[in-house]
S.K.: 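This is the structure I have questions about; it appears just below.
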Number of protein chains: 2
Amino acid sequence: MQITSRFTIAVHIITALDYFKDRDRVNSDFLAGSVGVNPVIVRTVIGKLREAGLVHTLKGSSGAELARPLNEITFYDIYKAVDSVNEDEGLFHFHEQPNTECPVGRNIHKAMDGRLSAVQNAMEEEMKRITLADVVEDTRAAILEEE
Amino acid sequence: MQITSRFTIAVHIITALDYFKDRDRVNSDFLAGSVGVNPVIVRTVIGKLREAGLVHTLKGSSGAELARPLNEITFYDIYKAVDSVNEDEGLFHFHEQPNTECPVGRNIHKAMDGRLSAVQNAMEEEMKRITLADVVEDTRAAILEEE
DNA sequence: CAAAGCTGTAATATGATATATTACAGCTAT
DNA sequence: ATAGCTGTAATATATCATATTACAGCTTTG
């Protein structure tokens, strides 16, 4: 399995919103062109970023704006905003019907849940260390190096 | 998204193989009963564990055996064995067509790939710290506490 | 050694989820 | 007032996880 591309799409969008912030007509069609997906996907991803308080938008008007400085937006913020993993059950899909008439089946959850959370937590902590300022900086540097 | 339940199924199976190792008829039907999935799923998961060198099996004969002590089998070994995540592309699904005519689209991969690997790596390192001995120990303890 | 039990694996079906697409009401900008 | 745009619903399509049926061929048992 893989984490939905909504996550990398969201990072791409925020990077583009910053890079093209002084330009007119940065609408969902323009962004969709850069990302390579349908404009509706862009609008729904931006909608989730808005719900999470990461961007401000004005209905009917193009040009979403970042709600915080880039160095205060982490991969974790975006990952949570776009529902990258199942909120209720977590990163790991536990098989749903361990047999309660079997001692192992009855207790396997107890023995695993804490450890699965630790793994997920290790991943999320690493995501909190990475900010969009890092990505934007490297993107800009890569563009300058293109000559 | 979520990591396929093949992972927790595999941990459950290994735990059961250890717990019931002195018992007859620990075949795919028995294990499927404990895990709560179809016996064919059990056989294919065990097949992957065998390919990874974690268990020994004898075709036509029940009772798979662990190839290594429990404390030398980590979550990471199992996660790799059962193909929990896409081997080629990694944990994150990158949107597939960033526009190469856009400076951001051309360079977003360069700016993100290393960081996505770092996140995946943090998760995998944590998985290497957890062994099946831990899980089996806690499962046995939980069974004893059941009275 | 014959019968019964079991594995390994292929083929197919079903269900869930991600992404794409069409459509449009209603807001904004010119 | 017209054109542009967003937000969102509804629907379609593709992909993948899991379930299920089937069976050849190996192993164990009496």
Side-chain angles (χ1 to χ4, degrees), chain A residues 1-10 12-13 17 23-33 35-52 55-65 79 82-89 91-98, chain B residues 1-10 12-13 17 23-33 35-52 55-65 79 82-89 91-98:
Chain A
M1 70 84 221
Q2 294 190 294
I3 287 177
T4 169
S5 63
R6 274 198 308 276
F7 174 73
T8 60
I9 290 170
H12 186 142
I13 287 172
L17 284 176
R23 185 147 154 174
D24 273 359
R25 296 267 162 96
V26 179
N27 56 25
S28 63
D29 267 23
F30 175 85
L31 292 167
V35 176
V37 297
N38 193 285
V40 176
I41 304 293
V42 170
R43 296 203 287 271
T44 56
V45 167
I46 289 180
K48 296 209 172 266
L49 296 175
R50 171 169 34 75
E51 283 169 27
V55 303
H56 294 307
T57 66
L58 185 54
K59 185 169 186 173
S61 169
S62 69
E65 293 191 352
Y79 151 93
V82 302
D83 306 321
S84 303
V85 311
N86 186 306
E87 182 71 27
D88 304 321
E89 300 182 42
L91 178 60
F92 292 90
H93 183 198
F94 213 106
H95 50 292
E96 282 161 26
Q97 291 158 350
Chain B
M1 70 85 221
Q2 294 190 293
I3 286 177
T4 168
S5 62
R6 276 198 306 276
F7 174 73
T8 60
I9 289 170
H12 186 141
I13 287 173
L17 284 176
R23 185 148 155 174
D24 273 0
R25 295 268 162 94
V26 179
N27 56 28
S28 62
D29 267 22
F30 175 85
L31 292 168
V35 176
V37 297
N38 193 284
V40 177
I41 303 293
V42 170
R43 297 203 286 273
T44 53
V45 167
I46 289 180
K48 297 210 172 263
L49 296 174
R50 172 169 34 74
E51 285 170 25
V55 304
H56 295 307
T57 67
L58 185 54
K59 186 168 185 173
S61 171
S62 69
E65 293 190 353
Y79 151 93
V82 302
D83 306 321
S84 303
V85 311
N86 186 307
E87 183 70 28
D88 305 321
E89 299 183 41
L91 178 61
F92 291 90
H93 183 200
F94 213 105
H95 50 292
E96 282 161 25
Q97 291 160 351

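Worth saying up front: this structure is predicted, and the values here are computed from it rather than measured. We name chains A, B, ... by the order of the sequence lines, and we start the count at 1 in each one.
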S.K.: Any side-chain N or O of R25(B) under 4.0 Å from OP1/OP2 of dT28(D)?
M.R.: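 Answer is no, no contact under 4.0 Å.
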
S.K.: From dT28(D), dC5(D), dG7(D), pick the nucleotide closest to the side chain of T57(A)?
M.R.: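 Of the candidates, dG7(D) comes closest.
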
S.K.: By nearest atom, which of the nucleotides dT7(C), dG4(D), dT27(D) is closest to the S62(B) side chain?
M.R.: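 Of all the options, the side chain of S62(B) is nearest to dT7(C).
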
S.K.: Who pairs with F7(A) by ring-ring contact (aromatic ring centres under 6.0 Å, His included), at least two apart in sequence or on another chain?
M.R.: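 Counting only residues at least two positions away or on another chain, F7(A) forms a ring-ring contact (aromatic ring centres under 6.0 Å, His included) with F75(A), F92(B).
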
S.K.: Looking only at the side chain of V37(A) (C-beta and beyond, no hydrogens), which of the listed nucleotides dT28(D), dC5(D), dA20(C) gets closest?
M.R.: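 Of all the options, the side chain of V37(A) is nearest to dA20(C).
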
S.K.: So does E89(A) have more than 12 non-hydrogen atoms from other groups sitting under 6.0 Å from CD?
M.R.: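 Count over threshold, so yes.
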
S.K.: Heavy atoms from C-beta onward define the side chain here; which of dA18(C), dT9(C), dT18(D) lies closest to that of H93(A)?
M.R.: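 From the listed options, dT18(D) comes nearest.
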
S.K.: Kindly say if T4(B) contacts the phosphate of dA17(D), meaning a side-chain N or O under 4.0 Å from OP1 or OP2.
M.R.: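 Result: no.
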
S.K.: From the list dT28(D), dT6(D), dC6(C), which nucleotide is the closest neighbour of the side chain of K59(A)?
M.R.: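 Given the options dT28(D), dT6(D), dC6(C), the side chain of K59(A) is closest to dT6(D).
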
S.K.: Verify the contact: side-chain N or O of R50(B) to OP1 or OP2 of dG8(C), cut-off strictly under 4.0 Å; return yes or no.
M.R.: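 For dG8(C), OP1 or OP2 has a side-chain N or O of R50(B) closer than 4.0 Å.
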
S.K.: Report yes if a side-chain nitrogen or oxygen of S5(A) is closer than 4.0 Å to either non-bridging phosphate oxygen (OP1 or OP2) of dT19(C); otherwise report no.
M.R.: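 So the side chain of S5(A) is within the cut-off, an N or O lying under 4.0 Å from OP1 or OP2 of dT19(C).
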
S.K.: What protein N or O atoms touch nucleotides 20-23 of chain D N or O atoms at under 3.5 angstrom, if any, and at what distances?
M.R.:
from	atom 1	to	atom 2	distance (Å)
dA22(D)	N6	R43(B)	NH2	3.4

S.K.: Atom CZ of F7(A) and atom P of dT19(C): how far apart are they, to the nearest Å?
M.R.: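 Roughly 13 Å, once rounded to whole Å.
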
S.K.: Note down the inter-axis angle between the two ends of the helix from dC1(C)-dG30(D) to dT30(C)-dA1(D), five pairs each, to the nearest 10°.
M.R.: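 The helix from dC1(C)-dG30(D) to dT30(C)-dA1(D) shows an end-to-end axis angle of 20°.
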
